[in-house]
Amino acid sequence: MKLASLALGISLAFALAPAAMAQTTMRISISVAQNSHQGVAIDTFAKEVEKRTAGRIKVQPFYSGSLGGERESIEAVQLGTQELTFTSTGPVPNFVPEARILDIPFLFSGKPHARAVLDSSIGQELLAKFESKGFKALAWGENGVRHMTNSKRAVNAPDDLKGLKMRTMENPVHVAAYKGFGIVTTPMAFPEVFTALQQGTVDGQENPLSVIMAAKFDQVQKHLSLTGHVYSPAIFLMNKASFDKLSAADKTAFLEAAKEGVKANRARVDEDDSKGVAELRSKGMSVVENVDKAKFVAALTPVNAEFEKQFGKANIDRIRNYK
Ligand code: EAX
């Protein structure tokens, strides 16, 4: 009897030991392919978390929207059914309306300006807005400067966009602005876009060169115009309760890992931007490099007046004039 219970005790101890040492595994997702600016962001993050927690916490990356589109992933992180996601700000305003201001077209003069703002106290203040919505926003990353593609015609000026049916992100600021360009807007989750372009449900879409290449849109789009009409931020989001449960040292590990992820992410965007036009041309796309930018900016005058009313001119100017 005694011997049996001793044996049971020993075998229980052996059974429990691995459990006590077991790693925690968390999930992180992106909507684009692994071989992309977002793939390097989450792969770097995963590697850094594992390294900085001595292997106690493992982050498992999921690519290509295999856990759902960006809106669904953000929802899952908010609910806690998924711990982490790296997403563009496309669907973010539906969760944290304060972040909408970053999606205004022609707000930033380019990537250096956008990165400086996101890394400044303005960016930090916006990250803090996610907390009351159930998120810990670890860091701003980058999706890139968005350009337009379509299957119908070369686009040099907003007049060429009149009546073009284009997929947009599920983002109210983009939808309002693109209507100002004369586009027929069709908001849609990213995982559906390739098929929609292929089947002609929409004529075009807009995305950074990084995304256009990662998604192989050159296979279903003839024309690319470097409109650079809007900067598209990205963000590392974590379920707030999952973050709060971490020790102080592990919290630092996650925040530092996100910073490393952003460095790799931005470097890849720069690389994609420098080789993108040549690569997409070699795949058969016809590219307009110098669009009539002033006309695109002018087309948005009425929409911008509306944005100034909604978001406060001072708030917009604070970003616009940031040095
Ligand atoms: O995050 O939905 C979009 O067009 C995004 O730019 C894309 O999924 C990358």
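Whatever order the structure lists ligands and atoms in, that order sets their numbers, starting from 1.
Taking the six-membered ring where the residue is Trp, the centroids of His113 and Phe108 are separated by under 6.0 Å. Taking the six-membered ring where the residue is Trp, the centroids of Phe181 and Phe296 are separated by under 6.0 Å.
The proximity of Met188 to ligand 1, defined as any non-hydrogen pair under 4.0 Å, does not occur for either the backbone or the side chain. Residue contacts with ligand 1 for Val193 are absent, since no atom lies close enough (heavy atoms, distance under 4.0 Å). If you look at Gln205 next to ligand 1, there are no close heavy atoms at all, none under 4.0 Å.
Asn315 and Arg320 form no side-chain donor-acceptor contact under 3.5 Å, judged by distance and modelled atom types alone. Side-chain contact of Glu70 with Ser88: a donor-acceptor pair under 3.5 Å is present, judged by distance alone.
Two residues are said to be in side-chain contact when any heavy atoms from C-beta on lie closer than 4.5 Å; Lys165 and Ile183 fail this criterion.
Residue contacts with ligand 1: Asn207 is placed with a nitrogen or oxygen under 3.5 Å of a nitrogen or oxygen of the ligand (distance criterion only).
Residue contact check: Gln38 has heavy atoms under 4.0 Å from atoms 1 (O), 9 (C) of ligand 1. Of all the atoms in ligand 1, the ones that sit under 4.0 Å from a non-hydrogen atom of Met169 are 2 (O), 3 (C), 4 (O), 5 (C), 6 (O).
Looking only at protein heavy atoms, the nearest one to atom 8 (O) of ligand 1 is Ser31 OG, 2.9 Å. Looking at atom 7 (C) of ligand 1, its nearest protein heavy atom turns out to be Phe190 CD1, 3.7 Å. The nearest heavy-atom contact from the protein to atom 4 (O) of ligand 1 is Arg167 NH1, 2.7 Å. Of all protein heavy atoms, the one lying nearest to atom 1 (O) of ligand 1 is Glu70 OE2, 2.6 Å.
Ring geometry, Phe217 versus Phe194: the interplanar angle falls under 30°, so the pair is classed parallel (tilted spans 30 to 60°).
Salt bridge annotation for Glu289-Arg281: present, with a cationic side-chain nitrogen under 4.0 angstrom from a carboxylate oxygen.
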